[in-house]
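Some notes on the structure that comes next.
Lettering of chains follows the sequences in order, A, B, ..., and the numbering in each one begins at 1. For clarity, every value in this text was computed on a predicted model and none was experimentally measured. Any value given below was found using the heavy atoms of this structure, including those in side chains, with hydrogens, waters and symmetry copies removed.
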Protein chains: 2
Amino acid sequence: MPPSSTVENYLKEVYLGVGRLPAGATLLPMGQLASALGVAPGTATTMVKALAESGLVDYEPYNGVRLTAAGTRLAATVLRRHRLVELFLVQVMGMRWDEVHDDAEHLEHVVSDRLIDRIDEMLGHPETDPHGDPIPGKEGTIRERHFETLLTCPVGTRVVVARVSDQDPVFLRFVERHGLKPGQVVSVEARDEVADAVQLRGADDATFTLGARAASKLLVDVTPEAAAAATPSSARDAAPRR
Amino acid sequence: MPPSSTVENYLKEVYLGVGRLPAGATLLPMGQLASALGVAPGTATTMVKALAESGLVDYEPYNGVRLTAAGTRLAATVLRRHRLVELFLVQVMGMRWDEVHDDAEHLEHVVSDRLIDRIDEMLGHPETDPHGDPIPGKEGTIRERHFETLLTCPVGTRVVVARVSDQDPVFLRFVERHGLKPGQVVSVEARDEVADAVQLRGADDATFTLGARAASKLLVDVTPEAAAAATPSSARDAAPRR
DNA sequence: ACAGTGATTTTGACTACTCAAAAATACAAG
DNA sequence: CTTGTATTTTTGAGTAGTCAAAATCACTGT
């Protein structure tokens with residue numbers, strides 16, 4: 001009895017949701033889970049109780065959910081399939097990075113271990129997908145690095161985009177137009193708390209402004225090594241780092 | 001409301017089942033449908049009534065099912081996805097032809113039109129899959145050629161294997177070992193009605209015997225053009241014809 | 001013409017997942 | 001404390017698909 005697509009989606013969304021929680025918190029509120037999954041709140045409650053019964057999540061009524069070790073392992077394999085598929089669709093099938101999410105969303109539940117291993121091998125055991133999200137290892141190990149965002153990183157430094165945490169095609173195309181794909185370099189010129197905006201200078205030396213919401217979706221690497229390693233001059237079509 | 005995987009499977013199986021019917025018959029008995037799908041007979045009845053309600057099949061109680069025009073179109077797109085995926089897994093992913101069926105069985109329900117078109121293009125709009133089964137066109141057109149089998153073709157002629165109608169990996173590997181993949185040439189030396197067997201000579205000049213059941217699964221092209229076009233001498237790893 | 005056999009349909013029930021709406025709970029603010 | 005609000009849980013119900021077993025039908029052979 002392999003886990004159903006539904007179960008896989010719940011676990012994946014709990015994992016992702018917990019990751020988005022404010023520092024310190026570890027329990028994902030049911031409401032957030034329900035809306036991430038696009039189901040009614042009551043539905044999530046029912047399902048989560050069942051998942052808790054199977055030992056995949058810890059559930060504290062009125063407080064929220066969190067994955068158990070077993071649940072984390074399963075969520076990781078789903079994420080691994082999803083992200084390998086996304087990268088495969090971009091690198092091998094030549095699809096654009098903004099159009100692969102929906103396909104991956106479906107394929108993640110049906111690709112066999114054999115096929116996913118072939119894909120992994122064909123891509124050279126990549127570490128991140130086209131959005132910079134880390135690809136979990138074969139045995140369910142996830143190495144999440146901590147990144148600043150364009151909203152929190154020091155002003156005046158050159159940083160390397162590491163990860164774009166939004167799958168909306170419109171946003172992704174915007175990011176691409178401004179040279180903000182993972183691996184690309186950008187300078188933070190100024191930040192205006194009141195205006196809720198960040199002033200940036202791209203690799204092409206043009207400056208532009210991002211609102212706080214958008215800026216917070218761009219995770220960046222502020223270490224000097226990253227800046228040094230990054231495509232130095234005209235970095236227009238940066239690929240995710242290996 | 002796109003058709004569910006279940007509906008797609010029923011339609012696909014009705015199409016394939018009707019194709020296996022003895023000459024003249026056009027209605028697939030419920031029992032055959034049920035066992036092809038691995039469900040209880042009553043389940044098939046219930047489902048088929050619903051499909052009839054949606055105008056996808058014609059259902060004659062106690063006689064059987066047949067696809068309507070709409071049902072045929074849908075079955076064709078499922079078959080198209082299945083067969084393109086199978087060929088893709090062999091040609092691009094380097095999987096063996098005997099191990100792609102199960103993956104294709106799942107993938108056929110989730111690959112998007114965009115992705116399947118990319119696959120089709122990448123493969124150069126192929127006409128047949130690795131087993132020689134025809135790949136329906138984008139608009140649901142299926143051009144089924146009629147073939148003899150090793151059980152019905154004239155004795156003493158060189159024929160070209162066109163299609164292998166069994167997905168069992170064990171059988172497929174057997175077929176491969178004896179040089180009977182689609183595109184490969186074989187000579188029918190003799191046929192013994194009583195012993196229920198066929199004597200064959202492969203491209204490597206070795207002779208071997210096939211039982212009637214196995215022989216009837218190998219569809220062959222008996223036209224002289226086919227024999228002429230086929231890989232002339234050492235045809236060991238024949239690919240399906242384009 | 002009719003009993004027997006095998007295929008088919010019907011029936012009743014079950015699982016997995018879902019929703020809407022009512023009830024319960026937590027919590028912040030007075 | 002107590003009240004108001006937002007969140008969560010409970011309840012009752014519905015859909016899609018499934019099964020086992022009983023009832024029904026079709027057809028063969030006598």
Atom-to-atom span, [atom1] of [X] to [atom2] of [N] - whole angstrom:
X	N	atom1	atom2	answer
A:Asn63	C:dA26	CG	P	9 Å
A:Leu33	D:dT9	CG	C1'	14 Å
A:Tyr59	D:dT10	OH	C1'	10 Å
B:Tyr62	C:dT8	OH	C1'	6 Å
A:Leu51	C:dC17	CG	P	9 Å
B:Tyr10	D:dT18	OH	P	4 Å
A:Leu11	C:dC17	CG	C1'	15 Å
B:Gln32	C:dG6	CD	C1'	14 Å

- request: List the steps, then state whether ring pair (Phe, Tyr, Trp, His ring centres under 6.0 Å) holds for B:His131 with B:His101.
  value: CA-CA 10 Å; B:His131 312 97; B:His101 184 73; 7.1 Å; no
- prompt: Once the angle between the rings of A:Phe88 and B:Phe88 is folded into 0 to 90°, is it parallel (under 30°), tilted (30 to 60°) or perpendicular (over 60°)?
  reply: perpendicular
query: Do B:Gln91 and B:Glu86 meet the criterion of a side-chain donor-acceptor pair at a distance under 3.5 Å?
result: no
A:His106-B:His109 aromatic ring centre distance below 6.0 Å: no
field: Residues touching DNA chain C, which here means a heavy atom under 4.0 Å, drawn from residues 37-49 of chain B
entry: B:Pro41, B:Gly42, B:Thr45, B:Lys49
- prompt: Within the structure, does a side-chain N or O atom of B:Thr6 lie under 4.0 Å from either OP1 or OP2 of D:dG17?
  reply: yes
query: Is it true that the NZ or CZ of A:Lys49 lies under 6.0 Å from the centre of A:Tyr59's six-membered ring and within 45 degrees of the ring axis?
result: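 That pair does not qualify as a cation-pi contact.
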query: To the nearest 0.5 Å, what is the distance between CZ (B:Arg80) and CG (B:Asp113)?
result: 9.0 Å
